[in-house]
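Comments concern the structure below.
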Amino acid sequence: MKDVDLFLENLHYFDKTFKLIINQHSNQRKVEYIQLSDLINNYSSFITNRDNEKHWNHIKQSIEIITLIENLRNNSSICIQIIEKYRALVLGLENEEITDYFRNIEDCIEKEFGDFQINSQSKVLMVGSGAFPLTLLMVAERTGADVFGIDIDDEAIRLGRHVVNKLGRHLSIQIEKKTVEELTVIKQISHIIFSSTVSNKYDILEQLYDLTNEDVLIAMRYGNGVKSLFNYPMQKVDETKWHIVEEIIHPQSVFDVILYQKVP
Ligand SMILES: C[S@@+](CC[C@H](N)C(=O)[O-])C[C@H]1O[C@@H](n2cnc3c(N)ncnc32)[C@H](O)[C@@H]1O
């Protein structure tokens, strides 16, 4: 079998397995979390394997393949939400396991803003903070900044607050089910991080232009090429409004980061 055919076969396997897990979860049947964790770890390794970038460039973009890619992106993102919820629920239990996926994310958070460091005077907002708000906790702990998280999912809000209560009571972290327009603190925000799995992140970026202060710095997590199997890719922005100040590529990681600022 040719390498590219094997690559496609793997994509079909991941597609089938993600769908199976989502089905089990939505039918309230027990999801095997060890199996889900292994699946996400394998998928992360698959995405960051450099050989797969080559195979990606050789696949023919038929309608069937484009649909497969979109399904993989959407369904892997739902599986991340499921595992984040699981991790929040088992927090503090003895058998709590940290998947490689989360370790991978931790490495990225360290370098999120490149040379534009956050300090204790900063106010940081994360769009799509999730049920296990690792980014909020790490940023608040390491910098002393005031940190805000927003999410559209009630359960992610509830569990996110539960995790912060358990691990970050001493930190300045607030989680709200609000849009960027509804956040009263939005004008004072200095740094904004977008979760890579927020599908409409570029629409929200457009809204932010009028809502935020002049110096706001945006860290947009994204994945192009083979990484778009796990993340929403980078899009063109209105160049009269936003400009790219830095691109932070993480070869070992499932997503990359691009920094935007307002055009002066
Ligand atoms: C599971 S977390 C994943 C975090 C991951 N570390 C990343 O960077 O993608 C993504 C969260 O984004 C939330 N989300 C999706 N669309 C959103 C939106 N338009 N606004 C706010 N949160 C959103 C989801 O509910 C989910 O909890």
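Worth saying up front: this structure is predicted, and the values here are computed from it rather than measured. Atoms within a ligand are numbered from 1 in the order they appear, just like the ligands themselves. One-based numbering along the sequence shown.
For Ile204, every heavy-atom contact with ligand 1 shorter than 4.0 Å involves the side chain, none the backbone. Neither the backbone nor the side chain of Asn231 has any atom closer than 4.0 Å to an atom of ligand 1 (non-hydrogen atoms only).
The N/O atoms of Asp153, backbone and side chain alike, include none that comes under 3.5 Å of an N/O atom in ligand 1. Looking at Arg221 next to ligand 1, an N or O pair under 3.5 Å apart turns up. Residue-to-ligand polar distances keep Gln81 apart from ligand 1: every N/O pair is separated by 3.5 Å or more. Between Ser129 and ligand 1, no N or O atom pair is found at a separation short of 3.5 Å. Distances between N or O atoms of Ser195 and those of ligand 1 include at least one value under 3.5 Å.
We find the CE-CH2 distance between Met220 and Trp242 to be 9.0 Å, quoted to the nearest 0.5 Å. Interatomic distance, Ile258 CD1 to Ile249 CD1, rounded to the nearest 0.5 Å: 7.5 Å. Atom-to-atom distance recorded for Phe132:CZ and Lys85:NZ is 14.5 Å, nearest 0.5 angstrom.
There is a side-chain donor-acceptor pair under 3.5 Å between Tyr232 and Asn74. Side-chain contact annotation: Thr212 with Lys262, donor-acceptor N/O pair under 3.5 Å present. For Arg87 and Ser37, the side-chain atoms include no donor-acceptor pair closer than 3.5 Å.
Ring pair Tyr33/Tyr86 is parallel by interplanar angle, where below 30° counts as parallel and above 60° as perpendicular. A parallel orientation is assigned to the rings of Phe46 and Phe7, their planes being inclined by less than 30° (bins at 30° and 60°).
Using 4.0 Å as the threshold, Leu134 has no heavy atom nearer than that to any atom of ligand 1.
Within the set Thr197, Ile152, Ile193, the minimum heavy-atom distance to atom 17 (C) of ligand 1 is found for Ile152.
For ligand 1, the atoms lying closer than 4.0 Å to a non-hydrogen atom of Asn200 are 19 (N). Residue contact check: Val198 has heavy atoms under 4.0 Å from atoms 12 (O), 14 (N), 15 (C), 16 (N), 17 (C), 18 (C), 19 (N), 23 (C) of ligand 1.
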